[in-house]
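As structure tokens, the structure follows; a few thoughts come after it.
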Protein chains: 2
Amino acid sequence: MSDDLDYDSPVPLFQQLADLLRAQIDAGVITVRVPAELTLTQRYGVSRGTAHRAVMILVADGYARISRGKGTFVIPADQR
Amino acid sequence: MSDDLDYDSPVPLFQQLADLLRAQIDAGVITVRVPAELTLTQRYGVSRGTAHRAVMILVADGYARISRGKGTFVIPADQR
DNA sequence: AGTGATTTGTGCGTATGTATG
DNA sequence: CCATACATACGCACAAATCAC
């Protein structure tokens, strides 16, 4: 699993990051908490807007649930 | 009421989106909050710039009021 | 009870690249 | 060549919910 993003790819960064996080969830690398947007910002070298958009894709896909002020949490596979 | 945008139309996307949102306000589909720019981005498949420009048209028409950091809110018909 | 830190929600301004006419 | 429209992306500021102390 590639752990960084390709700035030259035609695929948008926010989509790449969403795909990456989803793969990590599927692989059991991320189990409970999705890293905070600020963490994603630092870990993957993207802006917060890009991180936020990626996380929203996870939510739309049923992979995560956001709780404002608390964080973003993985939805177990048997609940989606 | 058509709920999506026509990419082949000569009418710019931001104008189509503004018309759509205004129609939804008139129809009472949108009553209090105008969806966030990021939400519009995902729902209608447009960029944030396009969403923002559409919302600004609503503001210019007296249909909405923007509060930075909070959101965009519908102005009731009897107040415009 | 209160204050500051953390985290997400939302909007603003700007830059860059692509496509179209 | 130039203007317009659009998408992506960055960085920022402010708002609000929650948490830690």
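Residue numbering restarts at 1 for every chain, and letters A, B, ... go by the order of the sequence lines. This one's a predicted model, so the numbers in the text were calculated from it and none came from an experiment.
Within a heavy-atom distance below 4.0 Å of DNA chain C, the residues of residues 60-71 of chain A found are A:Ile66, A:Arg68, A:Gly69, A:Lys70, A:Gly71. Residues from residues 45-52 of chain A with heavy atoms under 4.0 angstrom of DNA chain C, sorted by number: A:Arg48, A:His52.
Using a 4.5 Å heavy-atom cutoff, the side chains of A:Tyr44 and A:Thr50 are not in contact. B:Ser47 is not listed as a side-chain neighbour of B:Leu13, based on a closest heavy-atom distance of 4.5 Å or more.
When the side chains of ILVMFWY residues are joined at heavy-atom separations under 4.5 Å, either directly or via intervening members, A:Phe14 and A:Leu40 end up in two distinct hydrophobic clusters. There is no path of hydrophobic side-chain contacts, each under 4.5 Å, that joins A:Val34 to A:Met56. The hydrophobic cluster containing B:Ile57 does not contain B:Ile25, counting ILVMFWY residues as joined when their side-chain heavy atoms lie under 4.5 angstrom apart, directly or transitively. B:Leu20 and B:Val46 fall within a single hydrophobic cluster, where Ile, Leu, Val, Met, Phe, Trp and Tyr are joined by side-chain heavy atoms under 4.5 Å apart, directly or via other members. Cluster membership check: A:Val55 does not share its hydrophobic cluster with B:Leu38, using side-chain heavy-atom separations under 4.5 Å among Ile, Leu, Val, Met, Phe, Trp and Tyr.
At the heavy-atom level, B:Tyr7 lies under 4.0 Å from the strands shown only through sugar-phosphate atoms.
The CG atom of B:Asp4 sits 9.5 Å away from atom CD of B:Gln16, with the distance rounded to the nearest 0.5 Å. To the nearest 0.5 Å, the span separating CD on B:Glu37 from CZ on B:Arg48 amounts to 5.5 Å. In this structure, A:Leu17 CG and A:Leu58 CG are separated by 8.0 Å, a value rounded to the nearest 0.5 Å.
Within the structure, the side-chain hydrogen bond (donor to acceptor under 3.5 Å, both in side chains) test picks out the following pairs touching residues 53-74 of chain B (sequence neighbours left out): B:Arg22-B:Asp61, B:Asp26-B:Tyr63.
At whole-Å resolution of the value, CD in B:Glu37 and P in C:dG9 are 15 Å apart. Note: CZ (B:Phe73) to P (C:dG9) measures 15 Å, nearest angstrom. The distance between atom CG of A:Leu38 and atom C1' of C:dT8, rounded to the nearest whole Å, is 10 Å. Atom CG of A:Leu40 and atom P of D:dA9 are 15 Å apart (whole Å). If you measure from atom CZ of A:Arg53 to atom C1' of D:dC10, you get 14 Å, rounded to the nearest angstrom. Remark: P of D:dT8 and CG of A:Asp6 are 16 Å apart, rounded to the nearest angstrom. Note: CG (A:Leu17) to P (D:dT8) measures 15 Å, nearest angstrom. Taking atom CE of residue A:Met56 and atom P of nucleotide C:dT8, one finds them 12 Å apart after rounding to whole Å.
Phosphate proximity of C:dG11 to B:Thr72: present, with a side-chain N or O under 4.0 Å from OP1 or OP2. Applying the 4.0 Å criterion to OP1 and OP2 of D:dA7, one finds that B:Tyr44 has every side-chain N and O outside that range.
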Can you give me the N/O atom pairs linking the protein to nucleotides 15-19 of chain C at distances under 3.5 Å, or say none if there are none?
none

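Smallest separation of non-hydrogen atoms from B:Thr31 and B:Gly28: CG2-O, 3.3 Å. The shortest non-hydrogen separation linking A:Ile75 to A:Ala64 is CD1-O, 3.6 Å.
Taking Ile, Leu, Val, Met, Phe, Trp and Tyr as members and joining any whose side-chain heavy atoms lie under 4.5 Å apart, directly or through other members, B:Val32 forms no hydrophobic cluster with any other residue.
Between its two ends, the helix from C:dG2-D:dC21 to C:dG21-D:dC2 turns its axis by 10°, counting five pairs per end and rounding to 10 degrees.
Along DNA chain D, the nucleotide nearest B:Leu13 and the nucleotide nearest A:Pro12 are compared for position; the residue whose nucleotide lies closer to the 5' end is B:Leu13.
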